[in-house]
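Given the structure is predicted, the values throughout are model-derived calculations rather than measurements. Convention: sequence-line order gives letters A, B, ...; per-chain numbering from 1.
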There are 2 protein chains.
Amino acid sequence: MLAHPDALNDDDPVSRLRGFIAHGDYRPGSRLPPERELTDELGVTRSILRKALDALEREGAIWRHVGKGTFVSATEAGLTQPRGSLAELGRQLTPVKMMRARLTIEPAICREAAINASNAALTQMNLAMERAHAVSNWQDYETQDDNFHRAIAEATDNPLLVAQFDQLNQVRRAVALGNVVRRSARPGPDHPSFGEHEVIATAISQRDPHGSYEAMRNHLRSVSARLFGEG
Amino acid sequence: MLAHPDALNDDDPVSRLRGFIAHGDYRPGSRLPPERELTDELGVTRSILRKALDALEREGAIWRHVGKGTFVSATEAGLTQPRGSLAELGRQLTPVKMMRARLTIEPAICREAAINASNAALTQMNLAMERAHAVSNWQDYETQDDNFHRAIAEATDNPLLVAQFDQLNQVRRAVALGNVVRRSARPGPDHPSFGEHEVIATAISQRDPHGSYEAMRNHLRSVSARLFGEG
DNA sequence: TCACTCCAATTGGTTGACCAATTTTTCGGA
DNA sequence: TCCGAAAAATTGGTCAACCAATTGGAGTGA
């Protein structure tokens, strides 16, 4: 497994700077030494130090102002637990935990979609579902499967829930990458997901919140069973 | 939904660079123009451009090598989902939709926490809850309220769900900013949230998934009622 | 003693020149 | 015509000098 980018790497300036702040008793809101002093304490040149400060500032761990100095943010985000990128999260997350997260989030979004879906959103959703039937290889199927699930998120008519789904989905792609073994060149017409998708779409179209929730939950459990075995 | 997140803050060099890559038909693995050309195309100095490239490299969206050039990563992480759009999302989202998103996500996370919480996580959660009682002003209360809800997300023992909560919470802070009017200097001992928090914590401690779900849902509906009126 | 002004020191930000790794071109020899 | 080494051009990385915002104290006058 890959170590975290700057957890174990003492030669990484960003991790050294994090360590300096974390172990230097700098409380939120307190001021750091000026850059020209930090260069001495950390033993790096100013340009290298500034690159590390840029990274921490972008994460929100510190804020700076000309003439004033550099200060530790009120929320210590990124100091005790450096906020890894989503790609990094995808690399660390086990497929089982990925699936548990999907089972937690997606049925809830699906229920909200059943409550808020406009007719236009329903059309979009059904379109994505039908396209999945016509694909000629697994890669295209994945794309259309993505589109179908995303169409459900958009049917909630809530940009924040769409953003939540996108975050979930981005990590999912990183986790799934290269882990899947297919037994055929393309999904057959009896692929279980096709039927499950239709149950979901029907429930949402009928504005049935509980039915939509259960349909999505069953679908994901079915996917889970195919991935990890029935257990 | 935001059609072009990058178009909205043209002043952020990172967003502009993201937009340039996203709309410039650069496929994963392809090479970007050299820095000295990008400065012309984006109309920024090289140092500003390099700071933006540093940010994208740290996110894993690109990789660079001296003499070779700058390349788009195999996984397009950070290009379709620019981090900067969250602040914009917070500005556009109505408080009502914010609350609907919370009602969709947080009870689901709370149920998952009841299933997976370790004893250490429970301790952390209870600690955050007790701290909220001792605050002397509303700002500290908000902080401790944040901590309590985040402790629940961490109790799921699932980094992805924590990331989902963080995204939700980040937008919430942007939405809530400056919208709240308080009638007293600090939360009184009979503040409804105190009791509701305890119900939640108890349900999670007893590993009661359904009870935890309902407790969180009731809490959020109570907050919603205080914000928007009973309707 | 207080208030105000001004100047020097401090501090983060920016710039242009230079450095080193890599690729491309050039050109002589077989 | 082909090969290979050397030179030139390209490209990302680094550095030292300089810039501008801010602070704080010395100086001045009422």
C:dT22 OP1/OP2 closer than 4.0 Å to side-chain N/O of B:H65: yes
Separation of atom NZ in B:K51 from atom P in D:dG12, rounded to whole Å: 19 Å
Proximity to the side chain of A:R50 - top-ranked nucleotide from C:dG13, D:dT11, D:dC15: C:dG13
Minimum heavy-atom distance between B:V14 and B:A55, given as atom pair plus value: CG2-CB, 4.2 Å
Atom-pair distance (CG on B:D54; P on D:dT14), nearest Å: 9 Å
Sidechain N-carboxylate O distance under 4.0 Å for A:K97, B:D157: yes
Between C:dA20 (C1') and B:R64 (CZ): distance, integer Å: 16 Å
Nucleotide D:dA9, atom P - distance to CD of B:E37 in whole Å: 17 Å
Within 6.0 angstrom of B:R221 CZ, more than 12 heavy atoms from elsewhere: no
Spacing between B:R46 atom CZ and C:dG16 atom P, to the nearest angstrom: 12 Å
Pair A:E35 + A:R64: basic N to acidic O under 4.0 Å: yes
Close side-chain approach of B:T45 and B:T39, heavy atoms under 4.5 Å: no
Between C:dT11 (P) and A:L32 (CG): distance, integer Å: 12 Å
D:dT14 OP1/OP2 closer than 4.0 Å to side-chain N/O of A:T45: no
N or O in side chain of B:K68 less than 4.0 angstrom from C:dT23 OP1/OP2: yes
Whole-Å gap separating C1' (D:dG12) and CD1 (B:I48): 17 Å
Separation of C:dA21 C1' from B:W63 CH2 (nearest whole Å): 13 Å
N or O in side chain of A:T70 less than 4.0 angstrom from C:dG12 OP1/OP2: yes
Nearest-neighbour nucleotide for the A:V66 side chain, D:dT14, D:dA21, C:dT14 considered: D:dA21
